[in-house]
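Written below as structure tokens is the structure these notes are about.
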Amino acid sequence: MSQPEPAPDPSPAVAPERPQALHLRPTAELAERVLLPGDPGRALMLAQALISEPRMFNHHRGLWGYTGAARADGEPLSIQSTGMGGPSAAIVLSELVELGARRAIRVGTCGALAPGLRLGELVIARESICHDGCSRALVAAERRLSDRSIGDPVDLRSVADPDLTGALIGAAPGAHAGAVVSVDLFYEENRPVGATGALAVEMESATLFALGARARVPVACVLAVSDTFDAHGTRTRIDDHSLLAASESMGRAAIAALGNDRCR
């Protein structure tokens with residue numbers, strides 16, 4: 001007997017309204033301008049403080065994100081957590097760009113390296129020294145180099161978008177601006193070698209700057225000092241109330257910078 005012909009597919013494929021992403025599952029529209037905190041809890045706090053009637057944009061993989069109209073100017077704004085470290089941040093920013101993000105600012109925390117930096121003060125990263133594997137791999141791929149041929153990390157830096165960074169500096173008077181260093185290890189006893197002159201240490205900015213440059217999407221970064229260290233390396237951590245106040249200050253400055261006409 002001959003085999004019956006297969007029945008026609010009753011539901012032909014239809015092009016999705018939004019591009020597909022493997023790790024972000026949008027449940028609301030993404031704004032072209034995005035704030036990028038690392039911590040999902042901080043994303044929720046910032047959304048409650050800075051967005052009118054925020055809607056959840058993503059909750060897949062615990063990477064909470066929110067979207068809505070910014071209270072400051074009424075324009076669309078999304079706030080999407082990246083998780084910790086360069087690899088997670090790279091996934092999130094790559095998918096946000098595919099979904100329509102056109103400019104972004106990391107609003108994170110950092111450990112102070114420069115003498116005199118106090119808990120709660122803001123640091124704006126003009127560039128980041130690449131001491132993390134993810135940003136070094138991105139630069140190596142961009143230059144078609146092997147990991148062994150890209151030189152000492154002191155010579156490898158990832159640069160923030162200058163216009164967006166300038167707007168951020170103008171929106172945050174009193175913030176310290178300069179280089180930071182991005183690392184892989186949070187609990188590291190030793191100061192990063194070759195990071196002389198860096199104001200602070202964190203984990204994501206070098207990767208975000210490198211990806212932004214590759215995608216031609218302006219990316220900047222403002223950080224709140226959450227940890228200081230004495231001469232023996234003993235850590236002092238910021239309290240929750242002070243971190244909340246610093247985070248709101250970062251968010252307001254970032255929204256002002258993202259709304260700057262030069263950065264649209």
Side-chain angles (χ1 to χ4, degrees), residues 36-38 82-94 104-119 121-166 168-169 172 175-215 217-229 231 233 235 250 254:
L36 298 173
T82 64
M84 290 184 286
S88 180
I91 290 171
V92 170
L93 182 58
S94 294
I105 295 179
R106 165 162 156 70
V107 285
T109 58
C110 63
L113 294 178
L117 278 181
R118 298 189 299 272
L119 293 175
E121 290 190 313
L122 301 189
V123 172
I124 295 171
R126 293 183 183 272
E127 61 180 2
S128 185
I129 303 169
C130 301
H131 271 258
D132 66 301
C134 191
S135 67
R136 289 173 64 80
L138 284 165
V139 172
E142 192 69 20
R143 300 180 184 178
R144 298 183 180 179
L145 301 173
S146 70
D147 284 336
R148 295 181 180 179
S149 66
I150 56 179
D152 191 286
V154 70
D155 298 321
L156 193 63
R157 297 178 182 236
S158 188
V159 180
D161 179 80
D163 288 337
L164 191 54
T165 300
L168 191 55
I169 291 171
H176 305 266
V180 301
V181 56
S182 293
V183 299
D184 284 324
L185 297 177
F186 182 85
Y187 293 108
E188 174 55 65
E189 295 181 0
N190 300 317
R191 192 182 185 96
V193 177
T196 304
L199 296 175
V201 57
E202 52 84 73
M203 302 178 72
E204 294 85 19
S205 65
T207 291
L208 294 173
F209 295 163
L211 275 174
R214 173 188 285 187
V217 169
V219 176
C221 173
V222 57
L223 306 163
V225 177
S226 59
D227 299 85
T228 58
F229 306 89
R235 180 190 300 266
M250 283 193 293

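Taken from CG in Leu199 to CG in Leu223, the straight-line distance is 10.0 Å, to the nearest 0.5 Å. Going from atom CG of Leu185 over to atom NE2 of His131 covers 12.0 Å, rounded to the nearest 0.5 Å. Interatomic distance, NE2 of His176 versus CG of Leu122, reported as 8.5 Å (0.5 Å rounding). Taken from CZ in Arg126 to CD1 in Ile169, the straight-line distance is 3.5 Å, to the nearest 0.5 Å. Atom CZ of Arg106 sits about 8.5 Å away from atom CG of Leu36, to the nearest 0.5 Å. Ile124 contributes atom CD1, which lies 4.0 Å from atom CG of Leu168 (distance to the nearest 0.5 angstrom).
Partners of Ile91 according to the side chain to side chain contact (heavy atoms under 4.5 Å, CB included) rule, which considers only residues two or more places apart in sequence or in another chain, are His23, Glu95. With sequence neighbours left out, Ala90 forms a side chain to side chain contact (heavy atoms under 4.5 Å, CB included) with Cys134, Thr207, Leu211. Here Asp227 pairs with Arg235, Arg237 under the salt bridge (charged side-chain N to carboxylate O under 4.0 Å, His left out) rule; sequence neighbours left out. With sequence neighbours excluded, the residues that form a side chain to side chain contact (heavy atoms under 4.5 Å, CB included) with Ala125 are Val180, Phe209, Cys221. In this structure Ala206 satisfies the side chain to side chain contact (heavy atoms under 4.5 Å, CB included) test together with Ser128, Cys130, Asp132, Ser135, Ser158, Ser182, sequence neighbours excluded.
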One pair to check against side-chain contact (heavy atoms from CB on, under 4.5 Å): Thr82 and Leu93. What are the steps and the verdict?
CA-CA 8 Å; Thr82 64; Leu93 182 58; over 6 Å; no

Carefully, step by step, assess Met203 and Asp184 under the rule side-chain contact (heavy atoms from CB on, under 4.5 Å).
CA-CA 6 Å; Met203 302 178 72; Asp184 284 324; 5.6 Å; no

Thr228 vs Leu117, test: side-chain contact (heavy atoms from CB on, under 4.5 Å). Steps then yes/no.
CA-CA 8 Å; Thr228 58; Leu117 278 181; 5.7 Å; no

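The side chain to side chain donor-acceptor pair (under 3.5 Å) contacts involving residues 107-119 comprise Arg118-Glu121, where partners must be two or more places apart or lie in separate chains.
Across every non-hydrogen atom of Ala112 and Val225, the tightest pair is CB-CG1, 3.9 Å. Across every non-hydrogen atom of Glu204 and Glu202, the tightest pair is N-OE1, 3.1 Å. Nearest heavy atom pair, residue Ala198 against residue Ile129, reads CB-CD1, 4.3 Å.
Val222 is listed as a side-chain neighbour of Ile105, based on a closest heavy-atom distance under 4.5 Å. The shortest distance between side-chain heavy atoms of Val219 and Leu164 does not fall below 4.5 Å.
A distance-only check finds no donor-acceptor pair linking the side chain of Thr165 to the backbone of Ala160 [under 3.5 Å].
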